[in-house]
Amino acid sequence: FSSCFSDSDDVRLSIRDRVAEDFNSKGYGGETPIWMGEDFYELKPKAPYSKVEQALFCVEGVLKCDVYVAVIINKHGSRVEISKGAEAQASFFELELLAAAVSGKPTFVYILKGNEPEGKMAALLNLLGPSLPGLCTIPKTEDEILKSVAPILQWIRHPILSRLSR
């Protein structure tokens, strides 16, 4: 489940917590199979990994997942520092979107209403749109996105279906 780590006020998007809470409240046993990058030690600010290693960790997470879901806001995310003072032209989130687009796996991308992408992010969505068949270009509220994501969570919860996908 991907988005920029935070909204414009540097607060974690509540939909991320709502997805995890909804999934866990339905009685799924065992480890939660929802990958949210910022929940991992490897991406914490004090982790001993370079930004390039962290970017590769994010891309690997996208490539290993069964279904990719992203929420787009008007930010494009933090750029990946290649070396002291030198940044890649792409952000962590943009690299994740690109990985999802080329992976060929089920991908669902939603735009958060009131935070519609502009500039670079809007251009990236136009470019990747044909490779993101689950791109919903109609902005939705968090409640509407959560309702759209509910069937995906149900599919992940189903033990037979989730085993067949692996």
Side-chain angles (χ1 to χ4, degrees), residues 1-21 23-24 28 30-112 115 117-136 145 149 152-153 155-157 162-166:
F1 191 88
S2 185
S3 73
C4 292
F5 278 8
S6 60
D7 67 15
S8 57
D9 297 324
D10 289 331
V11 176
R12 180 174 155 128
L13 292 173
S14 65
I15 191 168
R16 300 170 75 75
D17 294 324
R18 291 175 68 192
V19 164
E21 181 182 310
F23 188 84
N24 291 328
Y28 180 82
E31 187 177 320
T32 302
I34 299 175
W35 195 93
M36 293 188 193
E38 74 271 24
D39 292 339
F40 286 83
Y41 168 75
E42 290 84 350
L43 298 176
K44 300 292 183 192
K46 296 191 186 230
Y49 301 101
S50 72
K51 297 300 182 188
V52 171
E53 289 172 314
Q54 290 178 328
L56 291 173
F57 180 78
C58 290
V59 167
E60 185 177 300
V62 171
L63 296 177
K64 285 183 175 180
C65 71
D66 294 328
V67 177
Y68 178 76
V69 178
V71 177
I72 304 287
I73 58 175
N74 56 4
K75 291 174 55 174
H76 61 80
S78 302
R79 286 197 175 173
V80 179
E81 182 182 58
I82 297 171
S83 63
K84 196 73 168 170
E87 294 180 333
Q89 291 300 305
S91 70
F92 288 88
F93 185 55
E94 291 166 334
L95 291 172
E96 288 181 9
L97 283 173
L98 181 60
V102 299
S103 72
K105 65 182 63 200
T107 301
F108 302 90
V109 180
Y110 303 95
I111 297 171
L112 186 61
N115 288 279
E118 300 172 347
K120 189 175 178 182
M121 181 55 74
L124 181 64
L125 289 177
N126 284 334
L127 176 69
L128 296 180
S131 298
L132 298 170
L135 172 62
C136 178
I145 294 171
V149 170
I152 299 166
L153 296 176
W155 177 79
I156 292 170
R157 257 188 231 106
S162 63
R163 267 185 261 142
L164 290 176
S165 69
R166 295 191 172 128

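Every heavy atom of this structure was used, including side-chain atoms; hydrogens, water molecules and symmetry mates were not. These numbers were taken from a predicted model, which means no experiment stands behind them.
- Expressed to the nearest 0.5 Å, how far CD of Glu60 lies from CD of Glu53 amounts to 12.0 Å.
- Atom CD of Glu118 sits in a sparse spot, with 12 or fewer heavy atoms from other residues, nucleotides or ligands closer than 6.0 Å.
- Here the CE atom belonging to Met121 is positioned 5.5 Å from the CG atom belonging to Leu97, to the nearest 0.5 angstrom.
- Ala55 and Phe92 make their closest contact through N-CE2, 3.4 Å (heavy atoms, listed as atom of the first residue, atom of the second, distance).
- Side-chain contact between Val67 and Phe108 is present, with heavy atoms from C-beta onward closer than 4.5 Å.
- Contact record, Ala99 with Val59: CB-CG1, 3.9 Å, taken as the closest heavy-atom pair.
- The shortest heavy-atom contact between Leu63 and Ser103 is CD2-CB, 4.1 Å.
- Side-chain atoms of Pro117 and Leu125, non-hydrogen and from C-beta on, do get closer than 4.5 Å to each other.
- Between atom CG of residue Leu124 and atom CD1 of residue Ile72 there is a gap of 8.0 Å, rounded to the nearest 0.5 Å.
- Here CG of Leu135 is found 9.0 Å from CG of Leu128. Values are rounded to the nearest 0.5 Å.
- Considering all non-hydrogen atoms of both residues, Val62 and Tyr68 come closest at CG2-CE1, 3.7 Å.
- Taking CG from Leu56 and CD from Glu42, the interatomic distance works out to 12.5 Å, rounded to the nearest 0.5 Å.
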